Amino acid sequence: MKRILTMAAAAMLLVSCNNNKTNQNNTEMKQTVGQFQAYELDGFRLHVYNSNDVMADASFIIEGQDGLVVMEYPLFKVNAKEFADYIAELGKKVVTDITDYHLGGSDKLPIVMPEGMPDFIEGPVYGGMMKGFAQQFGETMVALPTQRASEVPFGSTQNYAGVDFRFERGAASDFPGASIIIGNQVFYSHWAYYTAHMSPLQLGSAAAIDAELEATEFALASGCKYYIGGHGGLVEKSAVEARVEYLEKVKQLRNEKTDAAQFAEALKAAYPQMPGDVDALAQALYK
């Protein structure tokens, strides 16, 4: 568990260095504990909340014409309050809360999850992780929701607040996490495609390289404008293209190098300026 928290803290540092970008369609709303940004899209508005918490978690609000959809509700009380206050300022009803991988403090909202996620959350892997977080963070965490979530089948399109949400399978190595295409313009995945060496929590085995490469190529083929993730906030198409190239290099080096030390040296040489813990990644890929 300590290793998980250490890597999550490292991910937060990488995201803060690489992912707080703006463009002509982006308006920074305010900054307090976390950071809110809003993006205008065709038919809806996307609000991104980078929590700045130890897990580098991000939460989202999709503002449709007739309501709000929240995604990945914050886990810590200070962030949950900030998030709820921001929702109240928007002045629209929340029609649903989509929890793809990050269970947060939305105990009074109707929750939907991709198929398989409710059972996974109650299982030993996810459940054990949450118990560890509770021991580590204590009263700073929200009370987790107790209501049973509705499950959404993979391959289906749901309409919430006047916006279409298409639920597709995420990376096979990250099952049952989903990839969700929002209004044909925003692509959600568990991890955003920010520019940094991948965490061993995401790329934890040699088999995961192919799974992540396939999922990233699928994301790129979606033609979306923005790409968001529960870790890392928002990036644009160029970051997804760079991730494909990076994974191809990782796959090549994993096939060529006989041990973790050789792999780490070669990957550092290929990306000398890229932040991230290459040694930890190498150990995961050669364990």
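The structure displayed is predicted, hence computed values, not measured ones. The figures that follow rest on heavy atoms only: side chains count, while hydrogens, waters and symmetry mates do not. Numbers here are sequence positions counted from 1.
Here the side chains of Ser199 and Trp191 are in contact, with some heavy-atom distance below 4.5 Å. Between Glu241 and Tyr193, every side-chain heavy-atom pair lies at or beyond the 4.5 Å cut-off. Contact annotation: the side chain of Val69 never approaches that of Ile61 to less than 4.5 Å [non-hydrogen atoms, C-beta and beyond]. Within the 4.5 Å cutoff, the side chain of Phe36 has no heavy atoms near those of the His47 side chain. With contacts defined as side-chain heavy-atom distances shorter than 4.5 Å, the pair Tyr126/Leu103 qualifies.
Heavy atoms only, all atoms of each residue included: Ala161 and Leu68 are closest at CB-N, 4.1 Å. Nearest heavy atom pair, residue Val95 against residue Pro110, reads O-CG, 3.3 Å.
Contact check on Asp119 versus Arg148 returns a salt bridge, with a Lys/Arg side-chain nitrogen under 4.0 Å from an Asp/Glu carboxylate oxygen.
Side-chain contact, Tyr194 with His231: no donor N or O sits under 3.5 Å from an acceptor N or O.
Within the 3.5 Å criterion, the main-chain N or O of Asp164 finds no donor-acceptor partner in the side chain of Thr157. When atom types are taken as modelled, the side chain of Ser59 and the backbone of Glu72 share a donor-acceptor pair closer than 3.5 angstrom.
Cation-pi geometry between Arg254 and Tyr286 is met: the NZ or CZ atom falls under 6.0 Å from the ring centre, inside 45° of the normal.
Surrounding CD of Glu139 are at most 12 heavy atoms belonging to other residues, nucleotides or ligands under 6.0 Å away. Under a cut-off of 6.0 angstrom, the local environment of CD in Glu248 is crowded, with over 12 non-hydrogen atoms contributed by other residues, nucleotides or ligands. More than 12 heavy atoms of other residues, nucleotides or ligands lie within 6.0 Å of NZ in Lys77, so this atom counts as buried by the packing criterion.
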